[in-house]
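In the text below, chain A, chain B and the rest are named by the order of the sequence lines, each starting its count at 1.
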Protein chains: 2
Amino acid sequence: MRKKVTIKDVARAVGVTPTTVSNVLNGTNRISDETRRRVLQAVEELQYTPNMSARALVKRRTYTIGLFIPASPRVLSDSYFAEALRGMTEVALQYGYVVSIIYSDGLSDSVRQRIDGLVLTELKNNDEYVQYFKRIRMPFVALGRGGDPMLRDYVISDTNRGIREAINHVYRLGHRRMGYLLGPLGYEYVCERYRIFRCMHAELGLSLDRRLCATGENSREGGALAIHAILTRGVRPTAIFASTDIMALGAIEYLHERGLRVPDDMSVIGFDDADFSKYVRPSITTVHHDIYRAGREAASMLIAKLDGREYKCPVILPVRFVPRESTSTISLDNQ
Amino acid sequence: MRKKVTIKDVARAVGVTPTTVSNVLNGTNRISDETRRRVLQAVEELQYTPNMSARALVKRRTYTIGLFIPASPRVLSDSYFAEALRGMTEVALQYGYVVSIIYSDGLSDSVRQRIDGLVLTELKNNDEYVQYFKRIRMPFVALGRGGDPMLRDYVISDTNRGIREAINHVYRLGHRRMGYLLGPLGYEYVCERYRIFRCMHAELGLSLDRRLCATGENSREGGALAIHAILTRGVRPTAIFASTDIMALGAIEYLHERGLRVPDDMSVIGFDDADFSKYVRPSITTVHHDIYRAGREAASMLIAKLDGREYKCPVILPVRFVPRESTSTISLDNQ
DNA sequence: TTGTAGGCGTTATCAC
DNA sequence: GTGATAACGCCTACAA
């Protein structure tokens with residue numbers, strides 16, 4: 001293996017000192033165009049790349065950012081994280097950063113000092129991690145809102161618009177009795193989506209029947225249980241929204257088992273545009289948001305923050321309402 | 001922010017030199033029980049954690065391993081990678097390693113030197129990356145076989161067994177005319193699964209009709225196109241295997257569009273047990289393998305390799321055949 | 001515009 | 001057993 005080339009080798013080749021090389025590479029001091037040119041050329045010829053460990057040591061920076069994922073086994077499986085990761089990695093690379101995933105219920109000391117900053121996900125209403133990272137002064141930005149109303153450094157989808165379009169769509173199809181299937185109330189996104197739903201719902205001059213709303217886990221089973229709860233109250237919405245596509249799917253399956261057809265007997269609307277939403281029958285009407293893009297924005301914001309550059313925050317990303325088979329005009333016997 | 005505590009602080013507190021502290025921490029030299037005790041205690045009290053950048057610099061190791069994912073936009077979205085990553089991260093942490101994802105079409109110099117080794121995925125038959133990493137002497141292990149028959153450092157599922165069980169299952173259901181939907185032939189796993197299929201098929205005393213086999217992209221469309229190709233040949237299998245669940249899904253959808261019912265008119269068998277396979281209707285009979293576990297084993301193997309420890313290779317992980325709705329006894333009019 | 005000197009926190013080598 | 005001392009490769013005052 002050819003010997004590692006260091007800054008000294010470059011300096012020697014050009015006939016200057018390492019300091020000078022360092023200066024042209026970091027753009028600190030003013031350097032004569034001539035030396036700059038020669039240094040750059042030598043760097044090229046020798047294929048020099050600065051040793052990150054050494055740089056990290058003296059700069060007290062690791063040039064690594066992390067995607068923090070609270071430990072709950074199944075959650076990482078979502079393509080949500082894969083997408084976010086992909087976006088983050090791409091921009092991180094451009095800035096000379098690398099991204100690791102931190103998948104645990106906290107930050108061990110050893111991991112903590114190997115990371116300059118974090119992108120947080122799955123925030124809870126009063127997120128303990130947010131408090132924790134603030135306390136240990138670990139810089140972070142969030143994918144999604146929550147944790148602390150004071151925080152401004154987050155990337156979020158334009159949920160408002162997504163839900164507005166969804167609700168208008170359903171309204172135009174003739175639906176007036178709308179229900180809602182909530183995920184775990186601890187999560188900020190669950191509350192926010194519901195809040196927006198209520199708000200838009202009211203704007204249409206409709207009043208919400210609380211009996212048409214129920215809570216469940218964020219899973220197929222949760223969705224099934226929630227719709228079950230509503231039906232056993234002896235009431236029936238003509239259209240039902242769910243916090244997530246996976247809950248919507250559970251609800252649809254449950255309804256089918258009970259002999260109720262979707263969308264004929266009930267329209268169902270999800271959120272997220274999960275992979276399976278277009279595969280299943282009926283395919284699920286939902287709101288698509290671009291997690292890959294969100295990952296890019298989050299990394300971008302975090303790195304700007306770390307590098308002390310200006311950055312715009314919060315970032316709100318566009319969404320796209322995706323009508324599919326699970327919604328249709330209200331049927332006659334439902335009027 | 002409280003000052004960073006270094007090895008010197010610990011040394012001072014105990015009244016020894018940094019050398020000694022380092023020695024007890026790294027278990028190199030023999031140290032008296034007394035000093036060891038006091039050093040350890042001081043470490044505890046001061047909450048000392050070694051600075052990884054400094055250690056990395058002197059040891060010429062980064063204590064970072066990477067999951068390498070060839071850049072093709074949609075692939076990372078699979079929960080496959082998320083699962084592998086989760087497994088890797090968990091064991092890496094135990095060994096003081098961190099994992100980053102390398103998502104690109106090569107290794108930039110800067111990234112290369114921030115990584116001690118890689119876990120490779122999505123290997124092709126004669127993988128260029130494998131050649132590349134060998135050439136630059138980047139240690140690696142592979143998730144899945146391929147790239148080079150000489151390589152022994154890989155983790156793989158017991159595909160043999162999975163396909164045997166699947167084929168026996170179908171055989172017992174009365175099927176004799178079996179077809180196969182292949183993904184892109186460049187990929188090792190595609191060829192391997194097909195090879196095993198042919199082998200097991202022959203073992204049952206059946207002879208394979210090549211007209212019942214076709215190739216397509218590894219996607220829904222690819223699956224649809226492949227089954228389409230077979231049907232247009234004027235032949236029809238009673239059961240068809242697919243390289244992956246996603247292709248199986250595409251095939252099922254296509255058949256439905258053509259008025260052929262699955263499993264009544266044709267049984268379909270996938271591979272992977274993707275998330276959606278249990279959601280869709282009919283749910284897909286498939287072979288489940290534990291990617292999370294594979295990720296753990298891969299990280300474990302790689303780190304052992306890096307740390308110069310002994311390790312067992314290759315590692316072959318058990319699989320589980322999962323019969324679902326997409327397979328059934330052969331119908332009378334198909335006999 | 002360029003060079004000198006010192007230090008970042010650790011570990012390895014070799015005395016004592 | 002323990003301690004100087006010298007790297008590891010780079011950056012940054014400050015001096016020239």
Side-chain angles (χ1 to χ4, degrees), chain A residues 1-40 42-43 46-64 96 109-110 112-114 116 307-308, chain B residues 1-40 42-43 46-64 96 109-110 112-114 116 307-308:
Chain A
M1 175 151 62
R2 72 169 186 289
K3 200 74 174 17
K4 200 95 201 53
V5 18
T6 78
I7 201 171
K8 283 184 190 163
D9 300 319
V10 178
R12 199 173 312 119
V14 182
V16 294
T17 61
T19 307
T20 306
V21 177
S22 174
N23 280 336
V24 0
L25 259 27
N26 298 295
T28 33
N29 273 358
R30 286 223 307 269
I31 298 286
S32 75
D33 287 350
E34 173 59 9
T35 16
R36 153 165 296 115
R37 198 188 52 69
R38 288 171 52 214
V39 165
L40 258 22
V43 164
L46 298 176
Q47 304 235 62
Y48 166 73
T49 11
N51 178 314
M52 289 310 275
S53 300
R55 176 177 286 179
L57 178 56
V58 48
K59 297 266 261 187
R60 278 128 178 222
R61 299 273 300 280
T62 63
Y63 297 95
T64 301
D109 291 335
S110 64
R112 186 199 307 192
Q113 57 160 243
R114 304 188 55 173
D116 291 337
D307 290 351
Chain B
M1 176 149 66
R2 74 168 185 289
K3 201 70 177 19
K4 199 93 200 59
V5 16
T6 79
I7 201 170
K8 284 182 190 165
D9 299 322
V10 177
R12 198 174 312 121
V14 181
V16 294
T17 62
T19 307
T20 304
V21 176
S22 174
N23 281 336
V24 359
L25 258 29
N26 297 296
T28 33
N29 274 355
R30 286 224 307 271
I31 297 286
S32 75
D33 286 352
E34 173 60 7
T35 23
R36 153 166 295 114
R37 199 187 52 68
R38 287 170 52 212
V39 165
L40 259 22
V43 164
L46 299 176
Q47 303 236 63
Y48 166 73
T49 13
N51 178 315
M52 289 310 276
S53 299
R55 175 177 289 177
L57 178 58
V58 53
K59 298 265 256 185
R60 284 137 170 214
R61 298 272 300 280
T62 63
Y63 297 96
T64 301
D109 292 335
S110 65
R112 185 200 304 192
Q113 60 161 242
R114 304 187 57 173
D116 292 336
D307 290 351

Audit row: D33(B), R36(B), side chain to side chain contact (heavy atoms under 4.5 Å, CB included) steps and yes/no: CA-CA 5 Å; D33(B) 286 352; R36(B) 153 166 295 114; 4.1 Å; yes
Computed from five pairs at either end and rounded to 10 degrees, the angle between the axes of the helix from dT1(C)-dA16(D) to dC16(C)-dG1(D) is 40°
How close or far is atom C1' of dT11(C) from atom CG of L25(B), stated in whole angstroms? 11 Å
So, OP1 or OP2 of dT10(C): does either fall under 4.0 Å of a side-chain N or O from Y48(B)? yes
Touch class at under 4.0 angstrom, heavy-atom based, for L57(A) against every strand present: base
To the nearest Å, give me how far apart CZ (R60(B)) and C1' (dG9(D)) are. 9 Å
Using the closest heavy atom to pick a nucleotide of DNA chain D for each, name whichever of S22(A) or S32(B) lands nearer the 5' end. S32(B)
Any R61(B) side-chain N or O less than 4.0 Å from OP1/OP2 of dC8(D): no
Using whole Å, what does the distance between atom P of nucleotide dC8(D) and atom NZ of K4(A) come to? 13 Å
Determine yes or no for a side-chain-to-main-chain donor-acceptor pair under 3.5 angstrom, with R114(A) supplying the side chain and Y63(B) the backbone. yes
Counting only heavy atoms and a strict 4.0 angstrom limit, can you tell me which residues of residues 6-20 of chain A come near DNA chain C? V16(A), T17(A), T19(A), T20(A)
Y63(A) OH to dC11(D) C1', in whole Å, measures 10 Å
Verdict with reasoning, K4(B) to R60(A), per side chain to side chain contact (heavy atoms under 4.5 Å, CB included): CA-CA 11 Å; K4(B) 199 93 200 59; R60(A) 278 128 178 222; over 6 Å; no
Could you point out which residue of V16(A), V10(A), V14(A), D9(A) forms a side-chain contact (heavy atoms from CB on, under 4.5 Å) with R12(A)? D9(A)
Please tell me whether T19(B) and S22(B) have a donor and an acceptor in their side chains that are separated by less than 3.5 angstrom. no
Spacing of N26(A) atom CG relative to dT2(C) atom P, expressed in whole Å: 16 Å
Flag side-chain contact, heavy atom, 4.5 Å: V24(A) against T35(A): no
For D109(A) and Y48(B), what are the C-alpha separation, side-chain angles and deciding distance, and is it a side chain to side chain contact (heavy atoms under 4.5 Å, CB included)? CA-CA 9 Å; D109(A) 291 335; Y48(B) 166 73; over 6 Å; no
Let's go through S53(A) and R55(B) carefully: what are the C-alpha distance in whole Å and the side-chain angles of both, what is the deciding distance for side-chain hydrogen bond (donor to acceptor under 3.5 Å, both in side chains) to 0.1 Å, and is it a yes or a no? CA-CA 9 Å; S53(A) 300; R55(B) 175 177 289 177; over 6 Å; no
Measure from CD1 on I31(A) to C1' on dT12(D) and round the result to the nearest Å. 13 Å
For atom NZ of K59(A) and atom C1' of dA13(D), their distance in whole Å: 14 Å
Identify whether any heavy atom of N23(B) sits under 4.0 Å from a base atom; if not, whether one sits that close to sugar-phosphate; answer base, sugar-phosphate or nothing. nothing
Would you say R55(B) places a side-chain N or O within less than 4.0 Å of OP1 or OP2 belonging to dT11(C)? yes
Looking at every strand, decide which applies to T35(B) at a 4.0 Å heavy-atom threshold: base, sugar-phosphate, or nothing. sugar-phosphate
Test: K59(B) and D116(B) ion pair at under 4.0 Å: no
Write down the distance between CG (N51(B)) and P (dG9(C)), rounded to a whole number of angstrom. 7 Å
Worked verdict on R61(A) versus D307(A) for side chain to side chain contact (heavy atoms under 4.5 Å, CB included): CA-CA 10 Å; R61(A) 299 273 300 280; D307(A) 290 351; 2.9 Å; yes
